[in-house]
Protein chains: 2
Amino acid sequence: MPRQVDYEDRRRRIAEAVCTLIARSGMEAVSLRDVAAQANVSMGAVQRCFRTKEDMLLFVLEHISQRVSERANQRIATASTPQAAATLLSHTLAELALLDEGSQTQARVWLAFITHASANEKLAAVLHDTYAKLHELIAWLVRYGQNTGEIPQHLDPTREAHTLLAVADGLTVHVLAGHHSPEVALSILRRHVDHLLQ
Amino acid sequence: MPRQVDYEDRRRRIAEAVCTLIARSGMEAVSLRDVAAQANVSMGAVQRCFRTKEDMLLFVLEHISQRVSERANQRIATASTPQAAATLLSHTLAELALLDEGSQTQARVWLAFITHASANEKLAAVLHDTYAKLHELIAWLVRYGQNTGEIPQHLDPTREAHTLLAVADGLTVHVLAGHHSPEVALSILRRHVDHLLQ
DNA sequence: ATGGATATGATGCAAGTGCATCGGAAAACA
DNA sequence: TGTTTTCCGATGCACTTGCATCATATCCAT
């Protein structure tokens with residue numbers, strides 16, 4: 001038996017390297033050589049992990065999609081003290097919008113993939129899936145708010161969730177475009193959520 | 001005196017070619033050779049028009065920024081029959097969100113530039129400028145709606161404009177990501193504007 | 001016509017790309 | 001320890017890239 005390697009782990013480490021490179025200088029600047037160097041492995045190792053570059057990028061998208069979803073879900077699941085639905089909603093959306101300083105990298109990567117998805121069916125499929133899940137999550141939170149009486153019953157949770165997600169993603173774009181600072185974006189987001197309540 | 005060429009016109013034609021290519025297969029797939037072929041000129045002509053590829057891309061961004069702004073402004077200026085402020089607002093935002101089928105190309109290009117701007121200061125400056133102008137435009141429309149009595153006085157036009165622009169851009173992203181059809185996105189946008197009125 | 005300034009486009013070039021290949025290193029068994 | 005099986009990483013290869021070069025074609029004032 002030959003030496004065994006934890007491929008999943010290595011794949012994740014390579015994915016992180018790819019994200020770093022994409023955030024630093026855009027998706028077209030990602031070459032297999034640079035990825036290998038950034039991940040501190042040889043090019044051969046990268047090639048062994050992923051059959052082609054396209055496969056690699058697909059894995060990276062799935063990786064970050066999963067991370068975003070998981071973080072949002074955990075934020076809700078681990079709410080130790082029973083929080084107001086509005087707070088939960090606001091915090092979850094802020095997380096999804098990748099507003100805090102440390103998430104700027106992920107925001108860049110996310111947008112890069114959206115841009116690319118227009119020209120790549122597989123990437124588009126992953127994105128479609130992820131957005132469906134995120135929408136479901138937000139709609140659930142809105143319904144929860146209606147149950148606690150914080151959000152008016154007459155609102156359609158599905159529709160409101162669509163708007164909320166749009167605001168969140170729009171603000172992500174605005175921060176990336178330099179139109180807003182993360183702080184301002186956050187306050188705009190909060191105000192929109194508060195507006196739901198009255 | 002040698003033969004004279006209308007450089008501005010040629011630059012615009014080349015810019016259109018670049019947009020077509022970006023929309024078709026992403027920004028990294030844009031090579032000078034492809035641009036020349038698409039614009040039906042020789043590579044030498046492209047090189048004469050733009051000192052470097054970066055210069056070319058910068059011009060393209062300025063070009064489409066201008067086009068978007070102009071279209072939105074004209075939409076307002078040429079409103080022959082005095083329209084309801086709400087209608088004007090809704091239509092203008094729909095235009096900015098590049099929702100209709102024919103604008104998908106521009107949406108892709110726009111997003112590609114936003115993605116790139118993170119790694120390029122000059123592009124970022126142009127984007128910043130454009131967004132500032134667009135925000136001003138929307139805020140003006142909100143104030144106009146307040147003057148006609150359609151929009152409640154107690155709302156802050158600046159803040160509302162920020163949210164409106166975020167919804168518009170968020171929907172652009174969602175359509176591009178395949179999360180919404182343009183029609184659904186439009187209805188979400190309309191509903192959000194209607195929500196302002198009551 | 002003619003001279004001269006300018007635009008053109010084919011070609012060259014070094015650098016970088018993704019991917020294929022393969023000799024040998026490394027580890028788990030016997 | 002020796003064998004076997006997997007993995008690694010250096011190298012090669014065909015191709016594309018952005019940009020520089022330069023002989024040629026093109027046009028205008030004389």
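As the structure is a prediction and not an experimental result, all values here were calculated from the model. Reminder, nothing fancy here: chain letters follow the sequence lines and each chain counts from 1.
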- Is Ser31(A) near enough to dT17(C) that one of its side-chain N or O atoms lies under 4.0 angstrom from OP1 or OP2? yes
- Would you mind telling me which residue lines up with the more 5' stretch of DNA chain D, Arg10(A) or Met43(A), judged by nearest nucleotide? Arg10(A)
- Comparing Val41(A) with Glu54(B), nearest DNA chain D nucleotide closer to 5' gives the residue Val41(A)
[X] side chain, from C-beta outward: closest of [options]:
{"X": "Leu32(A)", "options": "dC19(C), dC19(D), dT17(C)", "value": "dC19(C)"}
{"X": "Lys53(A)", "options": "dT17(C), dT8(C), dT17(D)", "value": "dT17(C)"}
{"X": "Ser42(B)", "options": "dA10(C), dA7(C), dG9(C)", "value": "dG9(C)"}

Output the rounded distance in Å from [atom1] ([X]) to [atom2] ([N]).
{"X": "Gln47(A)", "N": "dC7(D)", "atom1": "CD", "atom2": "P", "value": "15 Å"}
{"X": "Arg48(A)", "N": "dA26(C)", "atom1": "CZ", "atom2": "P", "value": "16 Å"}
{"X": "Asp34(A)", "N": "dA15(C)", "atom1": "CG", "atom2": "P", "value": "16 Å"}
{"X": "Ile14(A)", "N": "dG9(D)", "atom1": "CD1", "atom2": "P", "value": "11 Å"}
{"X": "Leu57(A)", "N": "dT17(C)", "atom1": "CG", "atom2": "C1'", "value": "14 Å"}
{"X": "Asp6(B)", "N": "dA7(C)", "atom1": "CG", "atom2": "C1'", "value": "14 Å"}
{"X": "Leu21(A)", "N": "dG18(C)", "atom1": "CG", "atom2": "C1'", "value": "16 Å"}
{"X": "Asp9(B)", "N": "dA7(C)", "atom1": "CG", "atom2": "P", "value": "15 Å"}

- Closest-nucleotide ordering on DNA chain C, the 5'-leading residue of Ala29(A) and Gly44(A): Ala29(A)
- Do other residues, nucleotides or ligands put more than 12 heavy atoms under 6.0 Å from the NZ atom of Lys133(A)? no
- Are Glu62(A) and Thr130(A) close enough, and set up right, to give a side chain to side chain contact (heavy atoms under 4.5 Å, CB included), and what steps lead you there? CA-CA 9 Å; Glu62(A) 284 165 347; Thr130(A) 304; over 6 Å; no
- Would you please classify the geometry between the His179(B) ring and the His174(B) ring as parallel, tilted or perpendicular, with 30° and 60° separating the classes? perpendicular
- Task: May I ask you to say whether Glu160(B) pairs ionically with Arg191(A), meaning some side-chain N is under 4.0 Å from a carboxylate O?
- Result: yes
- Query: Does Glu16(A) pair with Arg67(A) as a salt bridge, N-O distance under 4.0 Å?
  - Reply: yes
- Give Phe50(B) one of three labels, base, sugar-phosphate or nothing, depending on what nucleic acid heavy atoms sit under 4.0 Å from its own. nothing
- Query: Heavy atoms under 4.0 Å, any strand shown: does Val30(B) hit a base, just sugar-phosphate, or nothing?
  - Reply: sugar-phosphate
- Item | Donor-acceptor pair under 3.5 Å, Arg33(A) side chain vs dG16(C) base | no
